[in-house]
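Have a look at the structure below before the remarks.
Start at 1 with the first residue, then count along the sequence. Order of listing sets the numbers, starting from 1, for every ligand and every atom in it. We use all heavy atoms of the structure for the numbers below, so side chains are in, but hydrogens, waters and symmetry mates are not.
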Amino acid sequence: MAERAYFDWNATAPLRPEASAVIQEALALPGNPSSVHAEGRAARHLIEHAREDVARLAGARPADVIFTSSGTEANMLALSPAIETAAEKRPREKLLMSAIEHSSVRAGGRFPRAAIKDIAVDAEGRVNLAALADALSRTSRPLVSIMLANNETGLVQPVAEAAALTHAANGLLHVDAVQAAGRIACDMTALGADLLTLSAHKIGGAKGAGALIRASEAIHFADPLIRGGSQERGMRAGTENVAGIAAFGAAAAAAHRQLTDEAAHMLALRAELEEGLRSITPQVVIFGAAAERLPNTTLFALEGVKAETAIIALDLEGIAVSSGAACSSGKVQPSHVLAAMGVSPPLTRGAVRVSLGWTTTKADLERFLNAWRKVSGALSKGSKEQRGIAA
Ligand code: PLP
């Protein structure tokens, strides 16, 4: 394959070398981590070591980390009416969530549709705290789910403020930190999160591992999503994905250790990227540019240029980007995030997401900007001609 530049880190990040090394080690182990013999204990050791590293990334205690098969599963486990605290064992009847959550939260977990209420966001894509306060004043003991940073726009949400409002209303706060981890701090105590979701493959672990982290052991699920054995303190049955979990731990340790340097690296490259975009296409719209965003994400659109067309044209030039919108089935769906922000449909259809990471180089950036110069020129011309014919 000709040389390519990868700018789709919010979809998934490449495996970190530390994670790759421990995968090999874990796959060579024959034991089941639940077995008491030496082979079992060796596998158990890898899991417990990873639990410490993942806990550290979230500022939590290892005992409060529940490993799952993905961020999606962690979200699904979290969003349960049967979430209990030491003081309160009654089911929770309402789920409040921001209108810009990932589809794995938007699906509502195990809450019935009628029990779910959306909280609006402002034009910048940040959760409207007045709307949250208003919804909380009408609800008793809700579960609230607000992401730390949005996967499409990279916009950082006012989670600590939302936590204070939620707790004052006797609610619990779940925070999807899948995109934030490794890019900004994710300390559960500072955020005021009662539950926090992470996914291994966004921080340089392997695909197929995630975690739901509790603020304390007082939080418990009376109805585990997967029932059976007593793995993960009875909250997630099934023999653990030892290699995936070990890699998750190695990636979390690296992400934690290198957070400041990696964030600075991504931010500097992103600033250059946006400067380049604006100079090549002055009419470009960069969503949420004035608000606090993850250091690695740019979501932009050119009026009249469709995202699918731009992505395919860039792919042919050796550049991997994605549309801002969900593309889980290979088909681009209109973005519910931009719709919630009140962006006009023609602009929404053109949203292209460029996300970078710790191995992105200046040379990658130059390759992207050269490709964008070529592609945007050709597509804008095509779109003007089409409009001319239609008129
Ligand atoms: N939450 C957010 C914000 C995401 O961006 C994603 C994945 O794109 C998920 C959850 C789901 O994580 P996973 O791919 O591990 O299921």
Compile the protein residues with any heavy atom at a distance under 4.0 Å from an atom of ligand 1; present them by chain, then by number.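 If the criterion is a heavy atom under 4.0 Å, then ligand 1 touches Ser70, Gly71, Thr72, Asn75, His102, Ser104, Met147, Asn151, Asp176, Val178, Gln179, Ser199, His201, Lys202.
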
Test side-chain hydrogen bond (donor to acceptor under 3.5 Å, both in side chains) on Glu73 and Ser70; report intermediate values, then the result. CA-CA 5 Å; Glu73 188 196 320; Ser70 58; 5.1 Å; no

Testing the 3.5 Å rule here: is there a donor-acceptor pair between the side chains of Asp364 and Thr361? yes

Checking Asp8, Asn151, Thr153, Thr298 against Arg353 for side chain to side chain donor-acceptor pair (under 3.5 Å), the one that qualifies is Asp8

Anything under 30° is parallel, anything over 60° is perpendicular, the rest tilted; go ahead and classify Tyr6 against Trp9.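 Taking Trp9 first and then Tyr6, their aromatic rings sit tilted (interplane angle of 30° to 60°).
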
I want to check something: taking the side chain as every heavy atom from C-beta on, are Pro81 and Arg110 in contact at a cut-off of under 4.5 Å? yes

Passes side-chain hydrogen bond (donor to acceptor under 3.5 Å, both in side chains), Glu152 versus Ser335? Steps please. CA-CA 9 Å; Glu152 295 184 24; Ser335 162; 2.6 Å; yes

